[in-house]
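Encoded as structure tokens, the structure appears first; notes follow it.
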Amino acid sequence: MRRLLYAHVLLCCLSVAHSFCPSQCTCVFHGRSDGTGTRSVLCNDPDMSDIPVNIPVDTVKLRVEKTAVRRIPTEAFYYLMDLRFLWITYNSISSVDAGSFYNLKLLHELRLDGNLISTFPWSSLKEMPRLRTLDLHNNRLTSVPVEAIPYLLNITYLDLSSNKLTTLPPDLMDIWPPFNGIPISSNVSQKIVLGLQDNPWFCDCRISKMIEISKMADTMVVLMDLFLSCSGPENLAGVLFQRAELDHCVKPSIMTSATQITSPLGSNVLLRCDATGFPTPTLVWVKADGSSVNHTVQESPGDGVRWSIMSLHGILYKDAGNYICKAKNFAGSTMASISISIAGSSTTTPPPPKPSVETLTPGETTTPLPPTGFPGSPSETSTVMTTTVSALLPVPVKKKTTPSGGEQGDLVKPSKAGQGSNPRKLAADEKSKKTDTSKSIKNLQIVEENADSAVLLWTAEGLPSDAPLTVVYSPHGEDDAKRTVQTTAGSGKLLLEGLLPGLRYSVCLVAKGSSVGKDPCIDFYTLHLIDDGGHNRLLMIISGIACALALPLIGLLLYKILALYCKSSAPPLDMEELEKDSYVKFETISMKQRSTNSRPTELWARRQTHESERMLLCSRSSIDSQMTYKSDMSSRSEYLC
């Protein structure tokens with residue numbers, strides 16, 4: 001009864017709303033004249049300060065333009081469930097609540113250009129699942145947060161021009177072609193239009209994808225203005241995006257230690273991933289299903305380089321699959337995959353009478369088996385979980401075996417978690433099948449030792465050339481510092497790196513399935529740092545020659561310095577001794593009036609000289625003899641002949 005009453009009241013309200021229009025607005029019908037068609041409302045009264053609350057509920061298009069409205073409150077358009085177009089343009093709006101657009105499920109176009117919005121509630125876009133056009137042109141936006149990216153996936157027209165944006169999240173461009181991996185199509189309906197002009201863009205790696213799009217000739221992303229330009233840094237100020245070349249901006253490249261690994265059940269596996277790029281990329285490990293991976297370590301030994309290691313301890317069948325290493329920086333992202341599979345196990349079950357049931361005879365090993373749930377995994381085989389039962393039982397399902405060769409097809413009863421007997425039996429079977437590696441590996445020796453490395457040689461007999469080998473080495477007696485390197489039996493040679501000088505090392509070769517204590521081992525010593533070979537000897541010879549040549553020169557220089565010092569400190573010579581070594585006697589010069597061919601007031605220097613001295617002084621030309629030379633400190637007159 002209450003629901004009927006509520007529906008009746010709602011219908012009455014709707015009927016009343018059909019017949020009224022806000023006093024400050026203009027309503028226009030589209031369709032039939034009885035008022036049942038669509039309606040558009042225009043509110044452009046300059047004195048309007050609030051969003052009208054009595055807008056007809058059948059409004060399809062609402063325009064609030066050139067008013068004094070400053071804020072869009074929560075649920076301002078809650079009753080306008082049929083609204084397709086909402087234009088709130090060229091007002092004074094500076095605040096938009098997160099719930100302003102609640103219940104606008106059919107809204108297709110939202111325009112808020114020409115306002116004073118500095119912060120936009122991007123999460124409010126989730127209330128408008130059909131929104132395709134978002135116009136925030138001519139506002140005061142300073143940033144677009146990373147959290148806004150999921151809400152812009154369906155937007156095909158985004159106008160952020162004439163704001164104060166200096167950068168954009170690098171991941172924003174990844175939602176559009178060509179960075180999202182979707183092939184480029186010529187379908188016009190799939191074009192994405194972006195308005196990014198008139199912003200003070202700082203051109204660095206964060207907007208490198210945007211710069212790349214501006215240089216593309218055929219792309220699904222269309223820029224309203226192709227002539228975007230940089231405002232910073234200083235060396236790129238005023239440069240167009242189409243001509244901008246970013247320095248130190250390199251998309252990551254990635255390399256893994258292996259692409260496919262097959263390892264025995266219960267063993268430990270290390271996966272390594274190396275990446276280069278600028279800025280220095282970050283590395284993340286995930287499984288093929290997107291779940292994160294624990295037990296990872298990463299380090300950046302220098303700018304532009306980073307490596308990461310993921311460790312798996314005691315691997316089980318559920319650990320098999322693809323592991324993805326993702327490298328990412330501002331310039332882009334890349335990834336590489338490593339596949340891990342579990343090596344087959346052996347059982348004592350006799351051959352089955354039917355060929356459709358696959359079991360193993362004693363001494364026969366299985367091929368690598370994919371984990372449960374992967375394509376091609378067997379539905380029933382020894383020690384492998386089935387896709388149906390594994391979802392219900394916490395332990396694997398296997399065939400029951402007895403010492404006398406029990407009946408096939410029996411299932412092991414589920415045991416408590418952590419008490420399953422299957423892994424133990426697998427370990428026992430694996431141990432019984434181990435081989436003596438010492439009989440297969442011959443001539444294990446170290447042929448070259450250095451201070452930090454050594455070369456290990458061996459000869460493999462009775463092992464396939466591609467048989468995996470694990471080289472284990474550590475300082476003698478220090479088992480906690482063991483290091484391992486994976487190789488193959490046929491390589492016959494391996495470089496051991498990262499050694500410490502002057503230490504005794506132990507190195508062993510471990511083949512798959514080898515018995516404990518029978519692996520071939522050898523000890524060796526690394527060289528001391530003082531023995532660096534001919535290179536240091538050559539430097540010593542060159543240094544000796546240089547010293548031999550430099551010492552006489554240094555001695556001569558010291559002799560000259562001492563001689564000058566002794567000469568300056570010696571007592572002054574008398575005038576007679578000084579005259580013997582000079583052409584001119586240093587006599588007192590008296591200033592007298594010049595009497596020959598000169599004015600009475602003109603003074604000249606006169607002194608007593610011998611004839612030989614006079615001839616020497618007059619050897620210069622008459623022009624030079626009348627010149628006056630000036631120095632930085634004082635001036636002096638030349639003697640006249």
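One-based numbering along the sequence shown. Note that this is a predicted model, so its numbers are computed, not measured.
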Backbone of P281 reached by a side-chain donor or acceptor of R306 within 3.5 Å = yes

Can you find a heavy atom in the side chain of S339 that is under 4.5 Å from one in the side chain of T259?
-> no

Count the heavy atoms belonging to other residues, nucleotides or ligands that lie under 6.0 Å from CE of M224, then report whether that count exceeds 12.
-> yes

Hey, does L499 have a side-chain heavy atom less than 4.5 Å from the side chain of F524?
-> yes

Going by heavy atoms in the side chains, are F241 and L196 under 4.5 Å from each other?
-> no

Test item: D523 side-chain N/O and R504 main-chain N/O as donor-acceptor pair under 3.5 Å = no

Between atom OG1 of T487 and atom CG of L495, what is the distance when rounded to the nearest 0.5 Å?
-> 11.5 Å

Could you name each residue pair satisfying disulfide bond (SG atoms under 2.5 Å apart) that touches residues 450-490, not counting sequence neighbours?
-> none

Looking at side-chain heavy atoms only, is the closest gap between T526 and E449 below 4.5 Å?
-> no

Measure the acute angle between the ring planes of Y505 and Y473, then classify it against the limits of 30° and 60° as parallel, tilted or perpendicular.
-> tilted

Under 3.5 Å: donor-acceptor pair, side chain of Q298, backbone of L283 = yes

Would a distance-only check, ignoring hydrogens and angles, find a side-chain to backbone donor-acceptor pair under 3.5 Å from D159 to S161?
-> yes

For atom NZ of K209, is the number of surrounding heavy atoms from other residues, nucleotides or ligands below 6.0 Å larger than 12?
-> yes

Output yes when a side-chain donor or acceptor of S300 lies under 3.5 Å from a complementary backbone atom of V305, and no otherwise.
-> yes

Counting only heavy atoms not in R132, do more than 12 sit closer than 6.0 Å to its CZ atom?
-> yes

Are the side chains of M173 and L168 in touch, meaning some heavy atoms are under 4.5 Å apart?
-> yes

Under the 3.5 angstrom rule, does the side chain of N163 hit a backbone N or O of L165 as a donor-acceptor pair?
-> no

Is there a donor-acceptor contact under 3.5 Å from the side chain of W458 to the main chain of L509?
-> no

Donor-acceptor pair, N329 side chain versus V250 backbone, under 3.5 Å?
-> yes

When every non-hydrogen atom of K191 is compared with those of T219, the smallest separation belongs to NZ-O, 3.2 Å

Between the side chain of N268 and the main-chain N/O of G314, is any donor-acceptor distance below 3.5 Å?
-> yes

Please check if atom CZ in R272 has more than 12 non-hydrogen atoms from other residues, nucleotides or ligands closer than 6.0 Å.
-> yes

Between the CG atom in L271 and the OG1 atom in T296, the distance rounded to the nearest 0.5 Å is 11.0 Å

Any chance you could measure K215, atom NZ, to L240, atom CG, to the nearest 0.5 Å?
-> 10.5 Å

Look only at the side chain of T133 and the backbone of Y157, and say whether a donor-acceptor pair between them is shorter than 3.5 Å.
-> no

